[in-house]
Peer 1: 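This is the structure, below, for whatever I ask next.
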Amino acid sequence: MPKNSVRSINVFIITMLLLSVINIGCSSKVFEQHQEDGSEQSQKTVTSAKPKGTSIFTVIELEDLEHPTLAASIELPYRVCPNNTVILSGEHAYLTTEKHLHVIDVSLPQRPSYLTSLAFPKVIGKVLAAGDHLVIETPVNFHLVNVSQPSHPVLEFTGHLPQLHAIKDLDVLEDHLYVMGGNEYLYIFYAPRGHAQLVKTVELSPRWWLFSPKAVRPNIQQVEASKLERLPSGISEALRSQRGFLQLRSGKDQKVRASPHCLVMEQIQNPMRSAQCDLLIYSAYRKSSDELQKHEARFKYMFGKDFPAGGGTVAAELYYVGAEGLHHLRAEAENDPLKAKEGKILTRGKPKIAYTVSAGKMQQIEQYPPETIVLNDKQLELPVGPVTDFQILEGLLYVVSANGFFSIRSLITVKEYFQGDDAQFISVTPLQANRPISLAVGKNFAYVLATPKD
């Protein structure tokens, strides 16, 4: 065969190979773009996507409040953001990561079962339960997801604020969705069955601090901040009447948790004062007529005014999570000589069983040996780091902190306060070496969403 013919054949083969490589690259690029655009494909349940980064779902058993144990953990191949949360609804835990909603069956909490994930085209944050639906927050939208069949979540509705104003936070109360806009307005939607309709817009006062729902829904009262009152009258009235508060971030950008009798808020951290408390706790006690007669004279003597209307009063207290935790551990060591030496060392928790999710399937994994934390005799508080989330349930306050600690403390009533009793610090438990982001609490179990430590 002539040399020119051989050269021509070689050039032809090389050209065809190059074209094949180019076509393959273009096909791959088109597929990635299709997923990112949030088309129908990206809103189906995810079984094999594996973005960069991981998150950790941990189950804490609370049958013995003084000695919580780590029952199980699931590592998910999805990156978690600061605004992501975990909630408990019925027998399922729902949690969000950067662009996914995840469903985990916790009917047997010691053996949680990952069910599915639902992808979204853009970054998502907070998730809330509203009957058979979930409300999911994004910076400019909110989604309503039908979870009547938890293993097959369905996106039913996407809404936004007028003029596409940014969303700062949201909360759900009965059939209404309260959305705080970045333009200093509160938008109230009626959202009973997978659809949301704007019914009220409230302009925020320049001094607004908290929101308390009024008796006639969906109206709210703005509690204004006061430099003259340590305990603003709006807080006292809302707690005494048991109207409670919306769990929207405050006008001072504090995280808020509430029950009919209690209000707990983040304290504004002052970098110049290391002793700044972590949480502010307000609690109310409604007195019977006999107790009212017994205490109103003492109240007038102590506070120089008549007993407040509504037959109840409110007390405020400060909670130093790290300092109270260290005090509790040292007291335990003093009362038990066998713990005296042990009291200087804490061991990070190790779940009884650990899983990872790969290609939509759970697999049990081996665990690293637990780490130890040596406490210094001169330390004034535990190295728990800033509080990242907290929840109230049945007179107890549960807290997770940035350096991987879980704490439980009782919430004292005003009756106990007047009797001279103190709130009791119940336990502090080191978790795995991670940074907790969000906490949900149910009967006998708590659930933590965390990101691994760098």
Peer 1: Kindly give the heavy-atom pair with the smallest separation between T138 and V123, and that separation in Å.
Peer 2: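 Looking at all heavy atoms of both residues, the shortest contact is CB-O, 3.6 Å.
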Peer 1: Just say parallel, tilted or perpendicular for the rings of F211 and W208, cut-offs at 30° and 60°.
Peer 2: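 Ring orientation, 0 to 90° scale: parallel.
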Peer 1: Applying salt bridge (Lys or Arg N to Asp or Glu O under 4.0 Å) to E324 and R330, what does each step give before you reach the verdict?
Peer 2: CA-CA 10 Å; E324 288 195 24; R330 286 177 173 166; over 6 Å; no
Peer 1: Report yes or no: does N434 contribute a side-chain atom to a donor-acceptor pair with the main-chain N or O of A450 at less than 3.5 Å?
Peer 2: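 Not at all, since once roles are kept as given, no pair shorter than 3.5 Å links the two residues.
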Peer 1: Is the backbone N or O of Q254 less than 3.5 Å from a side-chain atom of S250, with the two atoms forming a donor-acceptor pair by type?
Peer 2: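 Here the side-chain-to-backbone pair exists.
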Peer 1: Under a 3.5 Å cutoff, is there a donor and acceptor pairing between the side chains of N146 and S148?
Peer 2: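 Looking only at side-chain atoms, S148 and N146 do form a donor-acceptor pair, the distance falling under 3.5 Å.
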Peer 1: Tell me, please, whether F390 has R257 positioned over its six-membered ring: NZ or CZ under 6.0 Å from the ring centre and within 45 degrees of its axis?
Peer 2: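 That pair qualifies as a cation-pi contact.
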Peer 1: Got a sec, which pairs hit salt bridge (charged side-chain N to carboxylate O under 4.0 Å, His left out) with one end in residues 200-215, sequence neighbours left out?
Peer 2: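 Qualifying pairs: R207-E224.
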Peer 1: With distance as the sole test, does T85 use its side chain to make a donor-acceptor pair with the main-chain N or O of S438 at under 3.5 Å?
Peer 2: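 Checked: no pair found.
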Peer 1: Any sub-3.5 Å donor-acceptor pair from S427's side-chain atoms to L65's backbone N or O?
Peer 2: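 Indeed, once roles are kept as given, a pair shorter than 3.5 Å links the two residues.
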Peer 1: Please step through side chain to side chain contact (heavy atoms under 4.5 Å, CB included) for the pair R79 and T54, ending with a clear verdict.
Peer 2: CA-CA 5 Å; R79 183 168 54 192; T54 60; over 6 Å; no
Peer 1: Nearest 0.5 Å please: distance from the CG atom of N444 over to the CD atom of E63.
Peer 2: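 Reported to 0.5 Å precision, the distance equals 6.0 Å.
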Peer 1: Could you tell me the separation between the CG atom of N183 and the NZ atom of K168, rounded to the nearest 0.5 Å?
Peer 2: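 It is 9.5 Å, given to the nearest 0.5 Å.
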Peer 1: How close do L396 and S410 get, counting heavy atoms only, and between which atoms?
Peer 2: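 Minimum heavy-atom separation between L396 and S410: CD2-CA, 3.8 Å.
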Peer 1: Return the CG to CG distance between L248 and L186, rounded to the nearest 0.5 Å.
Peer 2: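 Answer rounded to 0.5 Å: 6.5 Å.
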Peer 1: Are any side-chain N or O atoms of S212 and backbone N or O atoms of G244, one a donor and one an acceptor, separated by less than 3.5 Å?
Peer 2: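 The answer is yes, because a donor-acceptor pair under 3.5 Å joins these two groups.
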Peer 1: Going through the checks in order, is the side chain to side chain contact (heavy atoms under 4.5 Å, CB included) test met by T356 and I74?
Peer 2: CA-CA 5 Å; T356 187; I74 301 176; over 6 Å; no
Peer 1: Determine, stepwise, if the pair L210 / L263 fulfils side chain to side chain contact (heavy atoms under 4.5 Å, CB included).
Peer 2: CA-CA 11 Å; L210 299 164; L263 169 68; 3.8 Å; yes
Peer 1: Do H100 and F120 have ring centres separated by under 6.0 Å?
Peer 2: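 Judged by ring-centre distance (under 6.0 Å), H100 and F120 do not meet the cut-off.
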Peer 1: I'd like to know if the side chain of S401 and the backbone of V387 have a donor-acceptor N/O pair within less than 3.5 Å.
Peer 2: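 Answer holds: no.
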Peer 1: Mind listing the closest non-hydrogen atom pair of P218 and V199 along with its distance?
Peer 2: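 Heavy-atom minimum between the residues: CG-CG2, 4.4 Å.
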Peer 1: Between T58 and Q432, do the side chains contain an N or O donor and an N or O acceptor separated by less than 3.5 Å?
Peer 2: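 Their side chains do contain a donor-acceptor pair, which is all the 3.5 Å distance test asks for.
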Peer 1: More than 12 foreign heavy atoms under 6.0 Å from CG of L380: is that the case here?
Peer 2: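 Not more than 12 within 6.0 Å, no.
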Peer 1: Does the side chain of V135 reach to within under 4.5 Å of the side chain of V127, using non-hydrogen atoms?
Peer 2: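 When only atoms from C-beta onward are counted, V127 and V135 do not touch, as no gap falls below 4.5 Å.
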Peer 1: In Å and rounded to the nearest 0.5 Å, what is the CG to CD1 distance from L95 to I437?
Peer 2: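 If I round to the nearest 0.5 Å, the distance is 12.0 Å.
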Peer 1: Minimum heavy-atom separation for S407 and V321, please, with both atom names.
Peer 2: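 That closest heavy-atom pairing would be OG-CG1, 3.9 Å.
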Peer 1: Please tell me whether W209 and Q222 have a donor and an acceptor in their side chains that are separated by less than 3.5 angstrom.
Peer 2: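 Their side chains do not contain a donor-acceptor pair, so the 3.5 Å distance test is not met.
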Peer 1: Mind listing the closest non-hydrogen atom pair of K350 and P370 along with its distance?
Peer 2: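 Smallest interatomic distance, heavy atoms only, reads CD-CD, 3.9 Å.
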Peer 1: What do you reckon, is NE2 of H165 surrounded by more than 12 foreign heavy atoms closer than 6.0 Å?
Peer 2: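 For H165, atom NE2 is crowded (more than 12 foreign heavy atoms under 6.0 Å).
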Peer 1: Got a sec, which residues hit ring pair (Phe, Tyr, Trp, His ring centres under 6.0 Å) with Y398, two or more places apart in sequence or on another chain?
Peer 2: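 With neighbours one apart ignored, the set is empty.
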Peer 1: Does the S73 side chain pair with the main chain of A354, one donor and one acceptor, at a distance under 3.5 Å?
Peer 2: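 Answer holds: no.
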Peer 1: Between L439 and V441, which heavy-atom pair has the shortest distance, and what is it?
Peer 2: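 Closest heavy-atom pair between L439 and V441: CG-CG2, 4.0 Å.
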Peer 1: Please list all pairs passing the side-chain hydrogen bond (donor to acceptor under 3.5 Å, both in side chains) test where one or both residues lie in residues 125-135, with sequence neighbours left out.
Peer 2: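 side-chain hydrogen bond (donor to acceptor under 3.5 Å, both in side chains) check on residues 125-135 returns K126-D169, H133-E156.
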Peer 1: Between I60 and Y447, does the side chain to side chain contact (heavy atoms under 4.5 Å, CB included) criterion hold? Intermediate values first, please.
Peer 2: CA-CA 6 Å; I60 305 173; Y447 306 89; over 6 Å; no
Peer 1: Can you tell me how far the CG atom of L346 sits from the CZ atom of R348, to the nearest 0.5 Å?
Peer 2: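 If we round to the nearest 0.5 Å, L346:CG and R348:CZ are 9.0 Å apart.
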Peer 1: Can you tell me which residue among R249, K255, K252 is in a salt bridge (Lys or Arg N to Asp or Glu O under 4.0 Å) with E266?
Peer 2: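 For E266, the salt bridge (Lys or Arg N to Asp or Glu O under 4.0 Å) check succeeds only for R249.
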Peer 1: Do any N or O atoms from the side chain of N84 and from the backbone of C81 form a donor-acceptor pair under 3.5 angstrom?
Peer 2: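 Checking the backbone N and O of C81 against the side chain of N84, a donor-acceptor pair under 3.5 Å is found.
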Peer 1: Tell me, which pairs form a salt bridge (charged side-chain N to carboxylate O under 4.0 Å, His left out) where one or both residues lie in residues 433-450, sequence neighbours left out?
Peer 2: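 For residues 433-450: none.
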Peer 1: Do R111's NZ or CZ and the ring of Y355 fall within the cation-pi criteria of under 6.0 Å and 45°?
Peer 2: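 Verdict for Y355: no cation-pi partner in R111.
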Peer 1: Okay, side chain of T158, backbone of H143: is any donor-acceptor separation there less than 3.5 Å?
Peer 2: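 No: the side chain of T158 does not pair with the backbone of H143.
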Peer 1: Please list every donor-acceptor pair under 3.5 Å in which a side-chain atom of residues 189-196 meets a protein atom from a residue at least two apart or in another chain.
Peer 2:
none

Peer 1: Look only at the side chain of Y320 and the backbone of G325, and say whether a donor-acceptor pair between them is shorter than 3.5 Å.
Peer 2: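 No; zero donor-acceptor contacts below 3.5 Å.
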Peer 1: Surrounding CZ of F157 (heavy atoms of other residues, nucleotides or ligands, distance under 6.0 Å), is the total greater than 12?
Peer 2: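 More than 12 heavy atoms, drawn from other residues, nucleotides or ligands, come within 6.0 Å of this atom.
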Peer 1: Considering only distance and modelled atom types, tabulate donor-acceptor pairs under 3.5 Å from the side chains of residues 102-109, sequence neighbours left out.
Peer 2:
unit_1, atom_1, unit_2, atom_2, d
H102, ND1, S117, OG, 2.5
H102, NE2, T97, OG1, 2.7
D105, OD1, S107, N, 2.8
D105, OD1, S107, OG, 2.7

